[in-house]
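Reading through the structure tokens given below for one structure.
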Amino acid sequence: MKYVLMYTSRPDLEAAVPPERQAEVYQQIFAWFERHGASFVDAGAELQGVETATTVKAPAEGGDPVVVDGPFTEAKEMIGGFSVIDVPDLDAALAMAREWPPLIFPGVAVEVRPIVDHGAM
Amino acid sequence: MSDTESTDLPDSRLAEVVRRESGLIVAALTRDLRNFDLAEEAVAEAVAKALVGWRSTGVPDRPGAWLTTVARRYAVDRLRSPVSTRVVLTGDPDAAPEPSWSEPTSAIRGDDRVAMLFGCCHPSLAVEARLALTLRAVLGVTTAQIAAAFLQPEPTIAQRIVRAKRKIVANGIALAVPDSDLAARLHDVLTVVLLAYNARFLEPADPAPGPHPRADRLTEDAIWLAGLIATELPHEPEAMGLLALLMLHESRAAARFAPHGRLILLADQDRGRWDHPTIARAERLLERAALYRRPGRFQLMAAIAACHASAPSTEETDWLQVLTLYDLLLTHDPSPVVRLNHAIALAEVLGPEAGLSELDSLGDSLAAYHLFHAARADLLRRCGRLDDARIADQRALDLTTNAAERNLLTDRLTSAL
């Protein structure tokens, strides 16, 4: 089964973490990617900060798409990156997500979503 | 299944067959078709056909096999029909994927119904979704009956079940007893079975014919399921613990209600009406569980129930033992409700003032829980604070929706005048 892992965090809470602590966890993230190397279909990408985002949006009232300076949602949580994995089942995906090193920080979350398998048609 | 009972009324016989077989058939079909939704729909269809057909033909000799055959035929027809081909091609989420008749990749251990139960109680599903899906898919309870048991609108329950099934299918959640993390997963399963039991726990055991007779059988279904789990996972002491707990609750069922559905509290029950052979069996089961030396929440709850069940009266209850067990239970489950019960036991050991001061520390988290106010009223009365007790009883009454409990509290308030 293929799933996307979406790594999310709360930038407001993240700012309180000391830089040396962040560097340490960064090392652990590399180790985590190495440890689970065989499970990645696509290691994905780490995204630049949410302040760099631009969104193209369909207005709720209809009409032409508009370009908005900022992320697609005003939520406090932001997506910091994503990966595509292929593992036997959801339990395996959740076990992998549970080990995501930044989860020691408050507000960090990993969303696990199965992907639509167009190959089955 | 023997044919000696085929003279029974088809409806009651069908209810029994559905309970024993439907989870098994759904699990087997799901394994073959790799489509939980379709398997469940097919079994529901077969049950509907049986309801109509068995009235005129009588119950077949092997009702389970009959249901399996009809369900399988329905599923295969559905997969072959042009409608399902079309939805497969358009990628509709409701669509059934191509059937796969290949062997499952890993053998499912034990009874398929238990495997199914683990899938339905997967931690990725919300607890209320686990419960609704378990009742529907493992026990064959209808959506309308589930809605009635939980006082929820039927569309809410239907939506919850559909969503849970879709999530299981979309995520490829295995309908299997897990290889890893068994203790935590089993705990989730046992919790759902206990919730199913408790849903009707406060209703009279022998009620006047009500609008939802099937819902009254949830307790029976839950005990049956607990027995199945304990049989299929014979070395899991927590499974034995839950079965013992439910047996102990059930042993008091006859004494719990007076005529007209009046609730009788443990202290006032006629202990001669308890089912003592069942109590003895539950105690033996707990002793066997204890040999594994892996205590847990369900064994401790059962051990507490056993203390009450073996006491000749409230006064002669070994309250020190009860209190010690609650101390242990708190290490597994530090929830406010357990702390409430701990405070009640403390009051019996150290006096009502001690219990009351522990209770008052729980006021914030349990302010909306009627039994908190009822327990507080009892301790206040024993401390001689009658006016405060009356206020607490009134608060409890305002928060209670259960008819039997309302009657009890009303009696208490009027007799105190």
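Sequence lines set the chain letters: A, B, ... in the order given, protein chains first and strands last, and positions in each chain run from 1.
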Would one find more than 12 heavy atoms of other residues, nucleotides or ligands at under 6.0 Å from atom [atom1] of [X]?
| X | atom1 | answer |
| --- | --- | --- |
| R10(A) | CZ | yes |
| E34(A) | CD | no |
| Y292(B) | OH | yes |
| F72(A) | CZ | no |
| Q48(A) | CD | no |
| R35(A) | CZ | yes |

- Item | Where at least one partner belongs to residues 92-111 of chain A, residue pairs that pass ring-ring contact (aromatic ring centres under 6.0 Å, His included), sequence neighbours excluded |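 Applying ring-ring contact (aromatic ring centres under 6.0 Å, His included) to every pair that reaches into residues 92-111 of chain A, excluding sequence neighbours, yields Y7(A)-W100(A), W32(A)-W100(A).
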- Query: Which heavy atom of P114(A) sits nearest a heavy atom of A170(B), and at what distance?
  - Reply: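 Shortest heavy-atom separation between P114(A) and A170(B) comes out as CB-O, 3.1 Å.
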- Which pair of heavy atoms, one from R185(B) and one from D91(A), lies closest together, and at what distance?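 That closest heavy-atom pairing would be NH1-OD2, 3.3 Å.
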- Message: For the CG atom of L94(A) and the CG atom of N171(B), what is their distance to the nearest 0.5 Å?
- Response: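 Output value for this atom pair is 8.0 Å.
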- Query: With only heavy atoms counted, which part of I115(A) is less than 4.5 Å from chain B, the side chain, the backbone, both or neither?
  - Reply: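 For I115(A), no heavy atom lies under 4.5 Å from chain B.
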- Tabulate, in ascending numerical order, the residues of residues 74-90 of chain A having at least one heavy atom closer than 4.5 Å to a heavy atom of chain B, or enter 'none'.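 The list, in residue order, reads D89(A), L90(A).
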